[in-house]
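Worksheet: the structure to be examined is printed underneath.
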Amino acid sequence: MKRIKLFEIILIAFILGVIFGAFVGEPAKSLKPVGDVFIKLLSMLVVPLIFTSLSTGVAGFDIKSLGRIGGKALVVYYVTAIIAICIGLGLANISGVGTGIELGDLAKIEPLEAPPLITVLVNIVPDNPVKSLAEGNMLQIVFFAIILGIAMGVTGRASDPLRKGLESLANVMYTMVRFVMYCAPVGVFALISWTVGTHGVKALSPIFYLILLTYAGCAIHIFLVYNVILRFGAGVKPFEFLKRIKEAALFGFSTCSSTATLLVTMRLCEEKVGISKKLCRFVLPLGTTVNMDGTALYQTMVTVFIANAFNMDLSISQQAIILVTALLASIGAAGVPGTGLITLMMVLQSAGVPLEGIGIVLGVDRIIDMARTATNVLDDAVALAFVAGTEGEEFAEGVRIKKVKKS
Ligand code: ASP
């Protein structure tokens, strides 16, 4: 008899969660604490795992390869993010989403002062790495882990005990991830029932079109843009690749946290796709921190949506500002539920679009967050595949596109 896989159980839990939430409605919110515990179980592993895997991953490379790989990763992160933003702008402009929407009584929202770029850059450098670890400040942790990794590599054999210790901690973290995975069906069921139960059809209907367009935009980005990058950039079979990491997308979709999902993405890319440990451990944590196509796509779309709702015409220069700020906002957004909405304020403010518009989308942000987080998660894995493919990595059996030899 065929053994039922954990992924299938999680999928069944997901479907049951949708049915249960739709059936029970509001009271399903009592399940939220169960979902919260599940997200916490994943999140508690994130800081030690990012720190240990990134530092040991980096230590495995010499400076030249590190620069080349980091450079490639950054190029693919931002090329795809700009394309995502253009898809968002294009779909929103063509569809005119938001025009004629009922504004009702929108509460005044206090603008969020965006910190100047120079402050953001200065703050990447931690003054106390222990504090950064305790506070979970991802950019600072990533910075310190990269420097530590480089230093271990430069120190050479004398750093072996430290490297082995960190590697061992990373491996233990992976085992803990496996334990947490067994709780996934319950966690996913609770999160989905709560989402469907509390965001019923009534809440969705006024902005149903925006939700639909965001999902369509994310789907276009995944099945068109990522398809092309995987096929022609990484040299892998796009659907085979996506099939092997589908569990990560489902996790992102259910938890709305690409950081919590990082652990799942890493395991799948190593075990199912066959990408080397050191590449996974360098490119994925970096991507989770600074690379969010789904968030960028949504932020541009919702900015045009709010402008249309307020009968504003956005000029070309305003749209260019949206492009740049959405890119920066997605870099700054942490991979936890709802942060995309907070950094959205920065985009709205820079483009001169009323912040009060956030009130229209606030209630259903979770539904939209699901699609953008799943996209963010796939985004990191696709960038990793691109780097791995161009670095000549082997991949697992059946993932690479076989070259037909000409006779
Ligand atoms: N929830 C998203 C993530 O974790 C961030 C966002 O709110 O857009 O990737």
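Counting starts at 1 for both ligands and their atoms, following the listed order. All values reported here derive from a predicted model rather than from experimental measurement.
Residues satisfying the salt bridge (Lys or Arg N to Asp or Glu O under 4.0 Å) test with K29, not counting sequence neighbours, are E26.
Residue pairs meeting the side-chain hydrogen bond (donor to acceptor under 3.5 Å, both in side chains) criterion with at least one member in residues 47-57: none, sequence neighbours excluded. Pairs passing the side-chain hydrogen bond (donor to acceptor under 3.5 Å, both in side chains) check and including a residue from residues 87-97, sequence neighbours excluded, read N93-Q319.
In the model, T295 has a side-chain atom that pairs as donor or acceptor with a side-chain atom of N376 under 3.5 Å. S315 and S317 share a donor-acceptor pair across their side chains, judged by distance under 3.5 Å alone. No hydrogens or angles considered: nothing links the side chains of Y298 and D369 as a donor-acceptor pair under 3.5 Å.
Within 4.0 Å of ligand 1, protein heavy atoms belong to C256, S257, S258, T295, A334, G335, V336, P337, G338, T339, G340, D369, R372, T373, N376, listed by chain and number.
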